[in-house]
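Below: one structure, written as structure tokens.
Hydrogens, waters and symmetry mates play no part in the numbers below; they use all other heavy atoms, side chains included. Chain letters run A, B, ... following the sequence lines, proteins first and then strands; every chain starts at 1. On a predicted model such as this, the values are computed, not experimentally measured, just so you know.
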There are 2 protein chains.
Amino acid sequence: MEPQTKRFRKREAILSYLQHTDAHPSAETVYAGLKSTMPDISLGTVYRNLSLFKDQGMIRSLGSVKGVERFDGNINPHVHFICTCCGAVKDLHEMHIPQELNSQAAVLSHAKIQACQLSFTGICQECAENK
Amino acid sequence: MEPQTKRFRKREAILSYLQHTDAHPSAETVYAGLKSTMPDISLGTVYRNLSLFKDQGMIRSLGSVKGVERFDGNINPHVHFICTCCGAVKDLHEMHIPQELNSQAAVLSHAKIQACQLSFTGICQECAENK
DNA sequence: CTGTAAATGTGAATTATTCTTATTTACGCC
DNA sequence: GGCGTAAATAAGAATAATTCACATTTACAG
């Protein structure tokens, strides 16, 4: 059961954490979440590996929300709602981005398109009630 | 011709700068661009007023590109292409976001939607050639 | 002229992120 | 087992974007 090597334990834990949450956490949040079971993990390791996974295309960045970068372990294209008040990010899995947009964008931008992101910003129900 | 007051001169200049460019500049870029005609403008003023305009809905933020926030003086909804290599942002005015998506998002997210953003990321032609 | 409130300049403070360096770890080889 | 090597990590320093605090300037009313 135990992996025979501990070399990538932190690295794997970071990826696994991201893939098992839909909270779209920041580096700091990943760090805090792993700290309870891995007290000796360091924030640098989290940043380093998030950056690595991002370069490898294993995770995606949502860009910054309120100044801090947020990550998504789900690389299937999907739509996001972002609350500008509390910073919560929710998946809108039921919405779909028309597929032809990608090729249309490639033609219009004269560029090699790597990704497409559709997101809505606003005030979530909770924040609206607590105002 | 000359405005009878100088009180809002910097503030107006910042807004005007944004509204007359399609370069989607950062705070630093706005500052550098205005510095030539307004040598005594300060970076703090640029940040302060960009934040003010953003809150008032007179400009929009595209979020961070390569770690720095970018602004758009054109608040009509439109699609962006962002080069992950050089950070250039181009408008894709020919593309349109289906209008019904907004209300669909409101229903699915149980939230009050304020804005919608569709952007494509990739490598622009110039960067592809210079590699 | 004087009081005021808004707008600004300045530089310090904050904060997210990256970098540097020393340490630890796994693992192959002798 | 002991040793060498290279990858992964921890720790904290360094960097860079952004915000903050406060003194100064400005416009304008009285």
Side-chain angles (χ1 to χ4, degrees), chain A residues 2-18 23-56 58-72 82 84 86-87 89, chain B residues 2-18 24-56 58-72 82 84 87 89:
Chain A
E2 279 283 279
Q4 66 198 128
T5 169
K6 291 200 285 188
R7 185 180 263 181
F8 302 102
R9 203 170 248 185
K10 309 254 169 85
R11 177 167 298 178
E12 283 170 359
I14 291 165
L15 182 59
S16 172
Y17 183 92
L18 265 180
H24 310 82
S26 64
E28 196 82 37
T29 306
V30 173
Y31 172 69
L34 291 175
K35 188 107 190 174
S36 51
T37 53
M38 293 185 146
D40 62 339
I41 198 171
S42 82
L43 189 51
T45 296
V46 174
Y47 272 107
R48 187 183 329 108
N49 285 306
L50 286 176
S51 165
L52 186 70
F53 289 139
K54 188 167 65 166
D55 290 346
Q56 295 175 340
M58 308 183 68
I59 67 175
R60 291 199 46 186
S61 165
L62 304 185
S64 295
V65 177
K66 293 159 86 73
V68 335
E69 186 167 16
R70 302 284 287 271
F71 299 89
D72 193 340
I82 302 169
T84 54
C86 67
V89 178
Chain B
E2 279 283 280
Q4 66 197 129
T5 171
K6 291 201 285 187
R7 185 181 264 184
F8 302 101
R9 203 168 249 187
K10 308 256 168 83
R11 179 167 296 178
E12 284 169 358
I14 291 165
L15 182 59
S16 172
Y17 182 92
L18 264 180
H24 310 81
S26 65
E28 196 81 38
T29 306
V30 172
Y31 172 68
L34 292 174
K35 190 108 191 174
S36 51
T37 53
M38 293 185 145
D40 63 338
I41 197 171
S42 82
L43 190 52
T45 296
V46 174
Y47 272 109
R48 190 183 319 114
N49 286 305
L50 286 176
S51 165
L52 186 71
F53 290 139
K54 187 168 67 165
D55 290 347
Q56 295 176 339
M58 308 182 68
I59 67 174
R60 291 198 47 187
S61 165
L62 304 185
S64 295
V65 177
K66 292 160 86 76
V68 332
E69 187 168 15
R70 303 284 287 271
F71 299 90
D72 195 340
I82 302 169
T84 54
V89 178

### Message
Applying side chain to side chain contact (heavy atoms under 4.5 Å, CB included), can you list everything that pairs with B:S16, at least two apart in sequence or on another chain?
### Response
B:H20
### Summary
Expected string for nucleotides 10-22 of chain C under the B/S/- scheme (protein heavy atoms, under 4.0 Å, primed atoms plus P, OP1, OP2 as sugar-phosphate) is B-----SBB----
### Task
Would you please name every residue forming a side chain to side chain donor-acceptor pair (under 3.5 Å) with B:D72, sequence neighbours left out?
B:H24, B:H78, B:H80
### Atom-pair distance (CG on B:L50; P on C:dA7), nearest Å
15 Å
### Query
How close or far is atom C1' of C:dA7 from atom CG of B:L15, stated in whole angstroms?
16 Å
### Query
Can you name the residues that form a side chain to side chain contact (heavy atoms under 4.5 Å, CB included) with B:S26, not counting sequence neighbours?
B:E28, B:T29, B:V68, B:R70
### Query
Who pairs with A:Y31 by side chain to side chain donor-acceptor pair (under 3.5 Å), at least two apart in sequence or on another chain?
A:K35
### Task
Output yes when at least one side-chain N/O atom of B:K10 is less than 4.0 Å from OP1 or OP2 of D:dT26, else no.
no
### Task
Starting at atom OH of B:Y31, determine the distance to atom P of D:dT18, rounded to an integer number of angstrom.
15 Å
### Query
Taking only residues two or more places apart in sequence or in another chain, which ones pass side chain to side chain contact (heavy atoms under 4.5 Å, CB included) with B:Y47?
B:A27, B:L43
### Task
Determine: side-chain N/O of A:R11 to OP1/OP2 of D:dT9, distance under 4.0 Å, yes or no.
yes
### Least distance between heavy atoms, B:I59 atom then B:L50 atom
CD1-O, 3.6 Å
### Task
Give the C-alpha distance, both sets of side-chain angles, the deciding distance and a yes or no for side chain to side chain contact (heavy atoms under 4.5 Å, CB included) between A:K10 and A:D40.
CA-CA 10 Å; A:K10 309 254 169 85; A:D40 62 339; 3.5 Å; yes
Where do N or O atoms of nucleotides 23-25 of chain D meet protein N or O atoms at under 3.5 Å, pair by pair?
none

### Message
Without decimals, in angstroms, what is the distance between B:I14 CD1 and C:dA7 P?
### Response
12 Å
### Task
Quick one: list whatever passes side chain to side chain donor-acceptor pair (under 3.5 Å) with A:Y17, sequence neighbours left out.
none
#### Entry: Between C:dA26 (P) and A:E12 (CD): distance, integer Å
12 Å
### Message
Expressed as a whole number of angstroms, how long is the span from B:K66:NZ to D:dT18:C1'?
### Response
19 Å
### Summary
From CG of B:L34 across to C1' of C:dA7 the rounded distance in Å is 16 Å
### Message
Output the rounded distance in Å from CG (A:L52) to C1' (D:dA8).
### Response
11 Å
### Qualifying residues under side chain to side chain donor-acceptor pair (under 3.5 Å), relative to A:K66, sequence neighbours excluded
none
